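Working notes, structure below.
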Amino acid sequence: MIVIPKKGYKLNFACILTTGRTGSDFLQGCLDGIPGIITFSGEIPFYKFINDPNTKKILNNNNYNKLILLFIKKHHNLFYKDNLENKKISLKIQKFKKIFLQLSKNKNLNRKTFLENLYLSYHLTLNRNILKKNIIVHHSHNVTETEMFLKDFKNAKILVTIRNPMQNLKSGIDNWIRYDKNKKNFEHFFFYVRRIREDLNFAIRKKRFLCIKLEEMNLNKTKRNILKFLNIGYSKLINISTFAGKPWKSDKISNFKVRDGKFNKSVLQENWKDFYSAKDLLILNFLYYKYSKFGYKIRKLSISQKVCLPFLFFFPLKFEQKMLKDIVLQPSLSIFIKNIYYYIRKILYFFKIYLTNIIAYE
């Protein structure tokens, strides 16, 4: 028997924003199954889906059956198997669909109620209880999705996962290239260098956010602070990362595999120092100085170093130098031009940060 929640239950909202390779998936898994928390089986690019013209048309026509079938088709990784995230979900699709249609019956769905009904349907499909007070924790993952989520749910809280930015950048470059050789390009390098700074800045500008350091994610104090921030009582379930109740193995991008859903202590290793040159560290210490507010040892530059800094922007970083030959000797002219374009964008980005922050140094 499918139990649809009665009227009177309250829904609050929160989302998870990552700043790179910072354990956002592990954190989401730790919240899976905790009484009062309603989550899903992974990151959902919800607004990318909902803003698609085809989706909008179906939604406007209130064709709920077609809408949920399209969602399942576009997000099969959330219902069956996710190769990248190393998950086997095996959700009862027909039950999920039936609950969703019951929740949506005789209602005019908009994108807010659509998201709510997705989460409630998933939760009820797993035979989990809807309490009087609940919080939907949406893994929005990136800034674009998070920004749109916060427009719809203005009082939502943000869980922001962070990490030593030097280790974060190394992991984002090394591990992705190891998994996908196509990531060996200046577009990916620029994307990662930039996101570590800008995603944190985005969160800091918001009122209701909690930064969670990957290095402290397994501490009991951190776990209690997370649940307190979400206004949820403590549960031992937060000690194991699961999706749909099954322990998570960690994604395939990571070097080390954990098979029981427990925290992977190998991520605490600090092996980034040889990855950068002294010149690189001058740039990165300037770029990521705000991370010092969260206890990371980011060295503040001297006046003479600040003066010399712009001259260093033109030179490739050490990890870029190692891959320069492979990047430049591309068989395709279009790929070569694209790499040059993103290398120039990175230089211009450095100058933009320098000119806007050099007077009031962060």
Side-chain angles (χ1 to χ4, degrees), residues 2 4-5 7 9-18 24-25 27-29 31-34 36-79 82 89 91 93 95-126 128 130-131 133-159 206 208-209 230 232 243-244:
I2 299 173
I4 300 301
K7 291 183 179 180
Y9 67 91
K10 183 179 180 182
L11 284 176
N12 294 309
F13 299 89
C15 59
I16 299 174
L17 170 67
T18 185
S24 61
D25 293 296
L27 172 63
Q28 184 189 3
L31 300 177
D32 179 52
I34 292 177
I37 294 180
I38 300 173
T39 185
F40 222 95
S41 56
E43 168 204 351
I44 305 177
F46 177 77
Y47 291 93
K48 181 180 179 181
F49 172 78
I50 205 69
N51 289 325
D52 182 270
N54 190 34
T55 307
K56 283 184 177 180
K57 184 178 179 181
I58 296 170
L59 185 62
N60 291 336
N61 291 334
N62 288 326
N63 192 333
Y64 307 145
N65 187 64
K66 193 172 181 179
L67 182 66
I68 195 60
L69 287 174
L70 181 63
F71 181 84
I72 293 168
K73 180 181 177 181
K74 294 286 186 180
H75 303 88
H76 61 277
N77 60 305
L78 298 173
F79 297 94
D82 190 324
I89 307 299
L91 198 74
I93 302 298
K95 182 179 179 181
F96 172 83
K97 179 187 169 185
K98 185 177 181 181
I99 294 174
F100 177 85
L101 293 175
Q102 283 186 256
L103 288 173
S104 306
K105 189 177 181 181
N106 300 323
K107 291 182 181 178
N108 290 321
L109 282 188
N110 54 41
R111 67 186 192 185
K112 290 174 65 176
T113 53
F114 177 38
L115 185 142
E116 290 174 13
N117 286 356
L118 283 175
Y119 274 85
L120 291 170
S121 300
Y122 175 80
H123 198 75
L124 292 167
T125 300
L126 294 172
R128 293 173 177 174
I130 305 293
L131 307 181
K133 184 175 66 175
N134 312 268
I135 185 164
I136 288 178
V137 181
H138 173 61
H139 191 166
S140 49
H141 201 71
N142 61 54
V143 165
T144 302
E145 286 282 328
T146 302
E147 193 165 30
M148 298 193 75
F149 179 81
L150 295 176
K151 285 180 180 178
D152 280 346
F153 304 98
K154 299 185 186 304
N155 295 319
K157 298 177 178 180
I158 316 173
L159 296 169
K206 306 301 176 184
R208 293 169 295 275
F209 75 94
L230 297 176
I232 293 292
F243 289 93

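Because only heavy atoms are used, hydrogens play no part in the values below, and waters and symmetry mates are left out as well, while side chains stay in. Remember, predicted model here, so these are calculated numbers, not experimental data.
For the pair H141 and L17, the tightest heavy-atom approach, listed with the atom from each and the gap, is O-CD1, 3.2 Å. Counting all heavy atoms, side chain and backbone alike, M148 lies closest to N51 at CE-ND2, 3.1 Å. The two residues Y9 and L120 come nearest to each other via the heavy atoms OH-CD1, 3.3 Å.
The neighbour count for K66 NZ, taken as heavy atoms of other residues, nucleotides or ligands under 6.0 Å away, does not exceed 12. Within a 6.0 Å radius of NZ in K74, no more than 12 heavy atoms belonging to other residues, nucleotides or ligands are found.
Of the residues listed (I99, L101, I68), the one engaging S121 in a side chain to side chain contact (heavy atoms under 4.5 Å, CB included) is I99, and it is the only one.
Less than 6.0 angstrom separates the ring centroid of H138 from the ring centroid of Y119. For F71 and F46, the gap between ring centers reaches or exceeds 6.0 Å.
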C15 and H139: CA distance, side-chain angles, deciding distance, side chain to side chain contact (heavy atoms under 4.5 Å, CB included) verdict: CA-CA 5 Å; C15 59; H139 191 166; over 6 Å; no

Chi angles and distances behind the side chain to side chain contact (heavy atoms under 4.5 Å, CB included) call for L91, L126: CA-CA 8 Å; L91 198 74; L126 294 172; 3.6 Å; yes

Audit row: I58, T55, side chain to side chain contact (heavy atoms under 4.5 Å, CB included) steps and yes/no: CA-CA 5 Å; I58 296 170; T55 307; 5.8 Å; no

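Between S104 and N117, the side chains place a donor N or O and an acceptor N or O closer than 3.5 Å (distance only, hydrogens not considered). Side-chain atoms of K57 and N63 include no donor-acceptor pair closer than 3.5 Å.
Side chain of Q28 to backbone of F40: a donor-acceptor contact under 3.5 angstrom is found. With hydrogens and angles ignored, the 3.5 Å screen pairs no side-chain donor or acceptor of N134 with any backbone N or O of I130. Side chain of S41 to backbone of L78: a donor-acceptor contact under 3.5 angstrom is found.
Remark: K112 qualifies as a cation-pi partner of F153 under the 6.0 Å distance and 45° angle criteria applied to the six-membered ring.
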